[in-house]
Amino acid sequence: MPELPEVETTRRGIEVHALGHRIERIVVREARLRWPVSPEVASESAGRHIVAVGRRGKYVSFALEDGGHLLLHLGMSGSVRVVAMTTPPFRHDHVDIVLDSGRALRLNDPRRFGSLHYIHGDPARHPLLAHLGPEPLDGVLDGDYLHARSRGRRSAVKAFLMDSRVVVGIGNIYANEALYRARIHPARAAGRISLARYRRLAEAVKAVLAEAIAAGGTTLRDFTASDGRPGYFRQQLDVYGRAGKPCRRCGTALTERRLGQRSTVYCPNCQR
DNA sequence: ATATGAGCCTGTATGC
DNA sequence: TGCATACAGGCTCATA
């Protein structure tokens, strides 16, 4: 599912084809996404050049020459492919961003939890982005920060790690993986974890995300990069999807349970 | 303020 | 075989 590494993989794939190109038009075949796609997405974008392709958390942003931005979220099942404009759309191909190169950025999203917005002005002040925590790979995230933010929090550290107001980009898969690497039990109260252990956790988060990006993300079912290829990090997952299998460190069978309505897998022996 | 649960949506897997 | 139900997951909103 698209977490930070999958979104970054998408961004990189798109950037090559989008940067410096003009948007000819945007075709919306299905406007009923997470939020209805506003008509101004098409009307404000047509004829404008794309001057940057960025990412904030799990959002991809297209900066347009006049200062406006398109903000794209892949939800849980979204993907973008770069196709020839003339390629017939397939099921769930909801939006085409048609470029002057004759190609189109084609958004496919079976579950329609994704979104596409046009933003006037500073995107950082948009309600969807204004309250987001720091980027995990930007250097701001460290053990001291996580320790400070978690004081007084009684909920599970896994939920804390997945809270986008604390830090962005970490969804269910990578929360499981990072906690395993840091040897922290996912159900432990966030406010009762030491600074030393948060330092380990911060490093684990950065390492697992960086490695996943290098592998092109994790493909479970829907996700493909913009060239249609899947991500290959699945083979490197230590716990997610491995319930009942032996822990790679100690051989103990991995436990699965639900935590905050999310599938949680961990080693009952080496995660404390 | 934090914490929890519902709901959005479709495809796939499981149970009867 | 068919039908019903559960589950997957990111995010926001409503409620405690």
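Letters A, B, ... are given to chains in the order of the sequence lines, protein chains preceding strands, and every chain is numbered from 1.
Among the atoms of the strands shown, only primed sugar atoms or phosphate atoms (P, OP1, OP2) are found under 4.0 Å from some heavy atom of A:Arg154. Across all strands, A:Ser115 comes closer than 4.0 Å to no nucleic acid atom at all (heavy-atom distances).
For the pair A:Phe160 CZ and B:dT2 P, the computed distance is 10 Å after rounding to whole Å. A straight line from CG of A:Asp163 to C1' of C:dC11 spans 11 Å, rounded to a whole angstrom. C:dC7 atom C1' lies 19 Å from atom CZ of A:Arg257, rounded to whole Å. Between A:Ile170 atom CD1 and C:dG10 atom P there is a gap of 12 Å when expressed in whole angstrom units. The nearest whole Å value for the distance from the CD atom in A:Glu3 to the C1' atom in C:dG10 is 9 Å. One atom, CG of A:Asn172, and another, C1' of C:dC7, lie 12 Å apart when rounded to the nearest Å. The nearest whole Å value for the distance from the CZ atom in A:Arg153 to the P atom in B:dA1 is 12 Å. The separation between A:Phe113 atom CZ and B:dG7 atom P is 12 Å, rounded to whole Å.
Contact check on A:Arg12 versus A:Glu8 returns a salt bridge, with a Lys/Arg side-chain nitrogen under 4.0 Å from an Asp/Glu carboxylate oxygen. One finds a salt bridge joining A:Asp163 and A:Arg153 here, because a Lys/Arg side-chain nitrogen approaches an Asp/Glu carboxylate oxygen to under 4.0 Å.
Taking every side-chain heavy atom of A:Arg112 into account, B:dC9 is the closest of C:dG10, B:dC9, B:dG11. The listed nucleotides are C:dC11, B:dG11, C:dA8; the one nearest the side chain of A:His73 is C:dC11. Checking B:dG5, C:dT12, C:dG10 against every side-chain atom of A:Gln261, the shortest atom distance belongs to B:dG5. Among the nucleotides B:dG7, B:dG5, B:dT10, the one closest to any side-chain atom of A:Arg34 is B:dG7. Between C:dT12, B:dA6, C:dC7, one nucleotide has an atom nearer to the side chain of A:Leu128 than all others, and that is C:dT12.
Contact detail for A:Asp109 and A:Ser77: the closest heavy-atom pair is OD1-OG, 2.5 Å. Of all the heavy atoms in A:Val265 and A:Leu254, the pair that sits closest is CG1-CB, 4.0 Å.
Below the 3.5 angstrom threshold, one finds a donor paired with an acceptor across the side chain of A:Arg262 and the base of C:dG10.
For A:His92, no side-chain nitrogen or oxygen approaches OP1 or OP2 of B:dC9 to under 4.0 Å. Regarding contacts with the backbone of B:dG11, a side-chain N or O of A:Arg91 is found under 4.0 angstrom from either OP1 or OP2. Residue A:Ser155 has a polar side-chain atom (N or O) positioned under 4.0 Å from OP1 or OP2 of B:dA3.
Checking A:Thr218 against A:Tyr174 by side-chain atom types alone, a donor-acceptor pair falls below 3.5 Å.
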